[in-house]
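Side chains are part of it too, since the values below use all heavy atoms of this structure and drop only hydrogens, waters and symmetry mates. Labels below follow one simple rule: chain letters A, B, ... track the order of the sequence lines, proteins then strands, and each chain is numbered from 1.
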Protein chains: 2
Amino acid sequence: MEILTDRQQQVLDFIRHHLDAHGLPPTRAEIARALGFSSGNAAEVHLRALERKGAIELIAHASRGIRLSAMAQEFTATATGLPLIGRIAAGSPILAEQNIEARYQLDERLFGPHADYLLRVQGQSLRDAGILDGDLLVVRCTPEACNGQIVVARIDDEVTVKRFERTGERVRLLSANPDFAPIEPATGAALVIEGVAVGVIRCGRL
Amino acid sequence: MEILTDRQQQVLDFIRHHLDAHGLPPTRAEIARALGFSSGNAAEVHLRALERKGAIELIAHASRGIRLSAMAQEFTATATGLPLIGRIAAGSPILAEQNIEARYQLDERLFGPHADYLLRVQGQSLRDAGILDGDLLVVRCTPEACNGQIVVARIDDEVTVKRFERTGERVRLLSANPDFAPIEPATGAALVIEGVAVGVIRCGRL
DNA sequence: TTCCATGCTGTTAATTTAATCAGCGTCCGG
DNA sequence: CCGGACGCTGATTAAATTAACAGCATGGAA
């Protein structure tokens with residue numbers, strides 16, 4: 001897809017937004033109104049340019065005959081799916097843009113209440129819970145965890161995935177692998193629960 | 001959503017199909033042509049009925065102003081996603097309608113070349129491969145398997161999931177759990193490879 | 001400078017489309 | 001037999017929409 005001018009990008013964004021909000025493409029007049037043109041022809045010209053550059057397809061003699069090209073559709077998908085977090089840059093919030101490797105559309109109904117992001121698991125410390133190195137953990141952002149849940153925790157700026165266990169005031173982060181020792185943060189240490197796991201996805205390397 | 005008459009269902013199906021094929025809703029005239037009406041009014045009346053029953057919403061004074069209601073959209077998703085296979089009725093092909101518990105939309109890009117269905121894993125025989133009881137195996141339909149791949153195999157009408165291993169002419173289906181013995185089908189036994197695993201999904205029960 | 005792409009205004013004709021009115025036939029339950 | 005829901009034809013009208021033409025202005029490349 002050829003590079004778009006600023007104005008063309010705005011038109012394309014509006015088409016996407018309209019499609020999303022109303023379930024059908026806009027008319028020339030609606031585009032003109034949204035972008036502040038006083039002439040519908042301005043929209044027409046932009047649409048021709050977008051078609052020429054391969055961003056959209058125009059259906060002749062059909063009202064609202066605008067469709068996103070395969071490439072433009074792909075882009076919409078990558079803008080709306082669950083973000084995949086690979087490495088977490090030190091000190092950055094998990095969902096910072098720099099940590100997002102890709103976005104994937106996943107059916108919400110599979111993962112209970114709600115899912116917020118995917119986190120690539122590093123290491124074998126949860127091996128015996130069936131969570132292997134490279135698996136994608138489906139995570140819901142919440143500071144509340146129940147005993148036995150797999151949680152994403154941040155201790156002194158280090159993010160880890162462990163099984164949560166609380167006895168009274170004492171919190172422990174357990175591994176599921178005899179080679180790894182449990183973590184017992186010193187009282188007063190900066191332990192933050194960033195989220196709880198609601199699913200696991202493994203692809204390839206079976 | 002109230003129950004639809006046959007004809008109303010056909011109209012709704014056509015709207016879905018048109019949306020899918022062209023990316024925009026149909027006009028009254030297009031509906032009439034597709035269903036064989038000679039009057040566009042027949043479509044109009046059907047649309048009113050569909051709106052009254054909550055299947056669609058009509059946007060007044062807008063060409064192609066038809067949108068699927070939340071419920072109807074949900075149904076589209078369940079009609080197009082990957083089928084989840086729970087139990088396989090004896091003797092039936094895996095993808096038989098009776099075996100489908102639900103359908104889920106999953107991002108194709110996650111699971112390599114192509115995925116065909118989800119199969120709920122029963123038992124712990126692949127525990128040490130990180131595949132637990134109740135996990136959903138993402139399966140691609142193919143009769144070809146490579147050494148070490150997790151395969152869906154049918155032996156004498158029984159469907160199992162195992163690790164595939166071939167040495168010359170000898171084929172063995174291995175477990176990943178010392179409590180289970182490998183399966184060595186007698187030469188000439190009806191062993192059919194139904195597909196290979198391309199992913200695993202676990203939701204809940206972490 | 002000239003040419004061309006971009007980005008717009010303003011207008012108009014032709015066509016598409018929604019929306020409505022008047023009818024006709026069938027089937028079903030009261 | 002009546003009333004009502006369903007399913008359709010056919011025609012008409014008003015409004016929405018596309019698509020085209022004539023211009024004007026700007027800025028960059030030849």
Side-chain angles (χ1 to χ4, degrees), chain A residues 1-69 72, chain B residues 1-69 72:
Chain A
M1 199 163 78
E2 273 180 69
I3 184 95
L4 303 181
T5 67
D6 284 358
R7 220 58 178 130
Q8 287 164 3
Q9 186 64 54
Q10 286 173 31
V11 173
L12 183 58
D13 287 343
F14 174 70
I15 295 171
R16 258 202 278 267
H17 169 264
H18 196 279
L19 232 23
D20 201 51
H22 304 100
L24 38 66
T27 64
R28 273 67 165 167
E30 283 161 349
I31 295 174
R33 208 174 317 137
L35 280 276
F37 307 153
S38 65
S39 164
N41 186 48
E44 177 77 30
V45 176
H46 276 123
L47 290 177
R48 298 290 176 85
L50 284 170
E51 184 178 40
R52 186 160 31 79
K53 294 189 176 180
I56 62 173
E57 288 167 50
L58 293 176
I59 304 166
H61 309 300
S63 62
R64 302 174 188 273
I66 304 171
R67 61 185 312 182
L68 297 179
S69 68
Chain B
M1 199 165 77
E2 273 179 69
I3 183 96
L4 303 182
T5 67
D6 283 359
R7 219 63 178 128
Q8 286 163 4
Q9 186 64 53
Q10 285 173 31
V11 173
L12 183 58
D13 287 344
F14 173 70
I15 295 171
R16 259 201 278 268
H17 169 264
H18 196 279
L19 232 23
D20 202 53
H22 304 100
L24 37 65
T27 64
R28 272 67 166 165
E30 282 161 350
I31 295 174
R33 207 174 317 135
L35 281 275
F37 307 152
S38 66
S39 165
N41 185 47
E44 179 76 29
V45 175
H46 275 124
L47 290 177
R48 298 288 176 86
L50 284 171
E51 184 178 39
R52 186 161 30 80
K53 294 191 176 178
I56 62 173
E57 288 168 50
L58 293 177
I59 303 167
H61 309 301
S63 61
R64 303 175 188 273
I66 304 171
R67 60 186 310 181
L68 297 179
S69 69

Which letter, B, S or -, goes with each nucleotide of nucleotides 4-12 of chain C from 5' to 3', with contact meaning a protein heavy atom under 4.0 Å? --SSSBB--
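Between B:His18 and B:Arg64 the shortest side-chain heavy-atom distance falls below 4.5 Å. By the 4.5 Å heavy-atom criterion applied to side chains, B:Leu47 and B:Leu58 are counted as neighbours. Side-chain atoms of B:Ile66 and B:Ile59, non-hydrogen and from C-beta on, never get closer than 4.5 Å to each other.
Of the possible polar contacts, none joining the A:Arg67 side chain to the B:Leu24 backbone as a donor-acceptor pair under 3.5 Å is found. A donor-acceptor pair is defined here as one N or O able to donate and one able to accept, closer than 3.5 Å; such a pair exists between the side chain of B:Lys53 and the backbone of B:Ile3. Here the side chain of B:Ser69 pairs a donor or acceptor atom with the backbone of B:Gly54 at under 3.5 angstrom.
Annotation: side-chain hydrogen bond (donor to acceptor under 3.5 Å, both in side chains) contacts of A:Gln10 (sequence neighbours excluded): A:Arg7.
Of all the heavy atoms in A:Ala32 and A:Ser39, the pair that sits closest is CB-O, 3.9 Å. Here the shortest heavy-atom pairing between B:Phe14 and B:Leu35 reads CB-CD2, 4.1 Å. When every heavy atom of A:Gln8 is checked against every heavy atom of A:Ala49, the shortest pair comes out as NE2-CB, 3.4 Å. When all heavy atoms of B:Pro25 and B:Glu30 are compared, the closest pair comes out as O-OE1, 4.5 Å.
An OP1 or OP2 oxygen of C:dA19 is reached within less than 4.0 angstrom by no side-chain nitrogen or oxygen of B:Arg48.
Here the straight-line distance linking atom CG of B:Leu19 with atom CD1 of B:Ile15 works out to 8.5 Å at 0.5 Å rounding.
Atom CG in B:Leu47 sits roughly 15 Å away from atom C1' in D:dC6 (whole-Å rounding).
Evaluation of the ring pair (Phe, Tyr, Trp, His ring centres under 6.0 Å) test over residues 40-67 of chain A, restricted to residues two or more places apart or in two chains, returns A:Phe37-A:His46.
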Nucleotide N/O to protein N/O under 3.5 Å, stretch nucleotides 14-18 of chain D:
unit_1	atom_1	unit_2	atom_2	d
D:dT17	OP1	A:Arg64	NH2	2.7
D:dT17	OP1	B:Ser63	N	3.0
D:dT17	OP1	B:Ser63	OG	3.2
D:dT18	OP1	A:Arg28	NH1	3.2
D:dT18	OP1	A:Arg64	N	2.7
D:dT18	OP2	A:Arg28	N	3.0

Extract from the structure each pairing of a protein N or O with an N or O of nucleotides 26-30 of chain C at less than 3.5 Å, listing the distance.
none

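In the helix from C:dT1-D:dA30 to C:dG30-D:dC1, the end axes, each obtained as the rotation axis mapping the C1' atoms of four pairs onto the next four within a five-pair block, lie 20° apart to the nearest 10 degrees.
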